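Residue numbers count from 1 along this sequence. Counting starts at 1 for both ligands and their atoms, following the listed order. As the structure is a computational prediction, the values presented were derived from the model and not from experiment.
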Amino acid sequence: MTEKIFKGISVSDGIRIGKAFFYKPFCAKITSDSITEENIQAEISRFSNAILKAKDELSELISNLEKTENKDKSGVIKGQLGFLADPAFSPEINKLIEKRLYNSERAVSEVSEKFALMFENMKNSYMRERAADIRDTGSRLIRILSGGACSSLSEISDEIVLFAEDLSPTDTISLNKEKVLAFVTFKGGKTSHTAIFAKSMGIPAIVGASEINGNFSDGDTVIVDAISGICIVNPDTGTIAEYERKIADEKQKQEFLMNYANKPALTSDGESIIIAANIGSYEDAEFSLSQGADASGLLRTELFYLSASTLPDEEKQFEQYKSIASLFSPKEVIVRTLDIGGDKEVSYLKIPKEENPFLGYRAIRLCLDQQELFLTQLRAILRASAYGKLKIMFPMISSIDELFEAKALLEKAKAQLDDSSYAYDKKIQVGMMIEIPSAAVMADVFAEEVDFFSIGTNDLIQYTLACDRGNEKVSHLYDFCNPAVIRLIDHTAKSAEKGKILIGMCGGMAGDPLAIPLLIGMGFDELSMASTSIVKAKYITLKVSKSNCQKLREEVLKCRDAKEIRHILNEFYHEYIGVI
Ligand code: PEP
Ligand code: MG
């Protein structure tokens with residue numbers, strides 16, 4: 001077998017060597033096939049065997065989960081196992097096979113849907129949540145009956161390098177990072193949420209590697225070099241040895257950088273920068289603190305919605321936000337209100353498919369339309385503000401009217417809490433994301449209405465350059481160095497300074513080593529990034545002076561194209577920071 005090298009887009013740093021596993025999500029196609037009377041017994045025993053196989057799979061899954069940090073998830077699987085043994089379930093399926101001559105797949109689909117609907121209509125929220133488990137159990141049985149393999153990414157039980165056509169953000173957060181050493185997808189762009197979540201979980205990842213499709217088999221040895229953006233299939237022994245050395249070097253660099261985790265990020269001329277973390281869960285929050293985060297500049301609350309099977313209620317959200325607020329206290333956490341839509345789909349919200357989801361019903365647009373959902377979240381955040389230092393941030397604001405509407409709803413949520421005598425931080429600060437060009441252009445006006453800005457470059461770049469952040473075909477155009485993007489960012493920073501409000505950035509650019517000196521030169525107070533980028537960002541800040549960074553900004557603002565800007569940023573990096 002000869003060694004082959006394939007290129008992709010590196011989205012989460014790291015190098016791993018492992019065995020390939022191609023994940024093909026199972027898509028159940030239920031045929032409405034009937035059976036004949038002579039086949040009834042054979043069909044019933046086919047169904048019983050599927051039940052046995054499903055029980056085996058679930059038991060193995062429970063014992064695997066109980067050995068990992070995800071042991072709390074085993075309760076859900078135990079519930080599914082219990083459902084298979086429910087005295088009403090199998091007999092009802094057998095009846096459909098016997099009396100109506102349904103094949104097993106059709107009978108399972110009908111009966112599990114009937115049970116799921118029954119649970120969905122129950123008053124008790126715990127029972128309602130079981131509907132998704134019942135559907136999951138039904139899909140497992142149908143997959144087994146149709147001869148499909150591995151049904152869920154969370155079930156991967158061997159150490160592998162995962163290959164997939166594409167992964168959704170929800171797929172990515174369900175990955176078992178103990179087992180998935182790295183992943184490679186054929187589709188996807190630089191700052192899709194799949195890429196962002198891989199980075200926050202510390203899983204090396206390459207996306208948009210279209211040419212690798214069809215050029216590897218399960219079990220092949222592969223090297224994922226997610227620093228250079230290449231994947232090597234069937235490397236020869238020399239290449240493996242070379243990469244083992246690189247892995248050892250990376251480990252050493254990381255150990256060196258960890259010395260900076262607990263240092264304050266001060267430039268050599270005394271300017272202090274808050275190096276903060278983007279987080280989406282309690283585990284992320286813990287990890288970010290271990291990396292030395294000075295604050296959290298972005299709590300992506302939608303992750304709590306993405307990982308749930310039904311809409312989380314106020315109490316549940318309150319507990320989640322409260323635990324993070326207390327963990328970070330006295331450090332600050334910027335809680336971003338729900339940003340669902342775009343590439344983040346939540347099945348239970350039943351958002352109709354859209355032609356252009358990134359330009360459609362997303363984030364604040366959805367929240368202003370579904371006000372009860374928004375008020376529930378705002379009350380939960382406000383209540384949690386009594387347990388730490390929280391700030392509230394609205395995503396995807398495109399006009400001042402939206403900001404006024406969102407602020408009015410926040411006041412309504414406060415009044416509701418006052419009526420029920422709940423405690424909350426009455427002076428909670430309110431900010432907005434600048435991630436739509438219209439907001440960046442109008443930043444001087446917005447600065448009079450909020451306490452802080454945080455620039456979301458992941459979206460700002462895609463909307464400014466008309467370039468889908470998740471599409472590998474246009475990823476060469478998706479570039480923070482584009483002077484139009486740089487000018488919008490600079491205008492926003494200047495507007496914040498004039499309006500005497502805080503300016504932060506929480507898009508991917510904030511953690512890019514090349515961009516950090518430029519952002520310091522533009523006057524950013526806070527840079528919020530994936531936790532894995534924090535130690536390096538602190539190292540860089542300590543190596544530069546604000547006055548040199550300001551000169552860099554002046555030079556960059558004179559440039560006419562992205563290439564020139566990247567060249568200047570590279571030169572500065574090599575002069576003041578060096579090779580680390
Ligand atoms: C951004 O757009 O830069 C951002 C931080 O938000 P998200 O990536 O969640 O859209
Ligand atoms: Mg965004």
Side-chain angles (χ1 to χ4, degrees), residues 11-12 168-170 172-173 188-201 205 207 276-281 284 288 295-307 333-346 356-367 391-398 402 406 431-440 452-471 478-480 482 485-486 488-489 492-493 503-512 515 519 524 526-531 533:
V11 292
S12 172
S168 71
T170 316
T172 311
I173 56 173
K190 275 183 196 155
T191 59
S192 65
H193 284 93
T194 294
I196 288 169
F197 297 158
K199 190 160 180 154
S200 77
M201 293 164 80
V207 301
N278 294 348
I279 57 173
S281 65
D284 273 3
S288 72
S296 167
L298 172 63
L299 167 58
R300 284 190 167 94
T301 57
E302 54 277 9
L303 268 89
F304 298 115
Y305 292 70
L306 284 175
S307 55
V333 178
I334 297 180
V335 186
R336 178 174 74 181
T337 60
L338 183 61
D339 180 359
I340 219 78
D343 58 354
K344 288 174 285 196
E345 284 180 52
V346 173
N356 289 303
F358 272 118
L359 300 182
Y361 192 57
R362 183 187 164 192
I364 200 73
R365 299 168 180 188
L366 182 148
C367 289
K391 295 180 177 182
I392 292 185
M393 174 162 75
F394 301 124
M396 288 279 291
I397 297 284
S398 65
E402 282 171 320
M432 62 181 274
M433 291 198 64
I434 301 281
E435 53 183 343
I436 297 185
S438 60
F452 64 93
F453 287 154
S454 182
I455 301 185
T457 47
N458 305 337
D459 278 315
L460 186 64
I461 297 170
Q462 80 162 343
Y463 295 135
T464 305
L465 304 177
C467 183
D468 184 342
R469 61 194 268 186
N471 184 343
Y478 184 100
D479 189 354
F480 71 74
N482 185 299
V485 174
I486 298 285
L488 282 178
I489 294 172
T492 306
I503 175 82
M505 178 180 280
C506 60
M509 180 180 175
D512 191 305
L519 298 172
F524 275 78
E526 177 177 288
L527 301 176
S528 193
M529 59 198 68
S531 299
S533 303

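- No side-chain heavy atom of M433 sits under 4.5 Å from any side-chain heavy atom of F394.
- Atom OG of S192 and atom CD of Q462 lie 10.5 Å apart (nearest 0.5 Å).
- For the atom pair N278 CG and S533 OG, the distance stands at 9.0 Å (nearest 0.5 Å).
- Remark: Y463 OH to N458 CG distance equals 10.5 Å, nearest 0.5 Å.
- Distance check: I436 CD1 to E402 CD gives 7.0 Å after rounding to the nearest 0.5 Å.
- Proximity of I334 to E526: side-chain heavy atoms (C-beta onward) are separated by under 4.5 Å at one or more points.
- Atom CD1 in I503 sits 7.0 Å away from atom CD1 in I434 (nearest 0.5 Å).
- Taking 2.8 Å as the limit, the number of protein N, O or S atoms around the Mg ion (ligand 2) is 2.
- Between R300 and D339, none of the side-chain N atoms (NZ, or NE/NH1/NH2) sits under 4.0 Å from a carboxylate O, so this pair counts as no salt bridge.
- Note that OG1 of T337 and CD of E302 are 9.0 Å apart. Values are rounded to the nearest 0.5 Å.
- Around ligand 1 you find H193, I196, L298, R300, R336, D339, K344, R362, M433, E435, G456, T457, N458, D459, R469, C506, G507, each with a heavy-atom distance below 4.0 Å.
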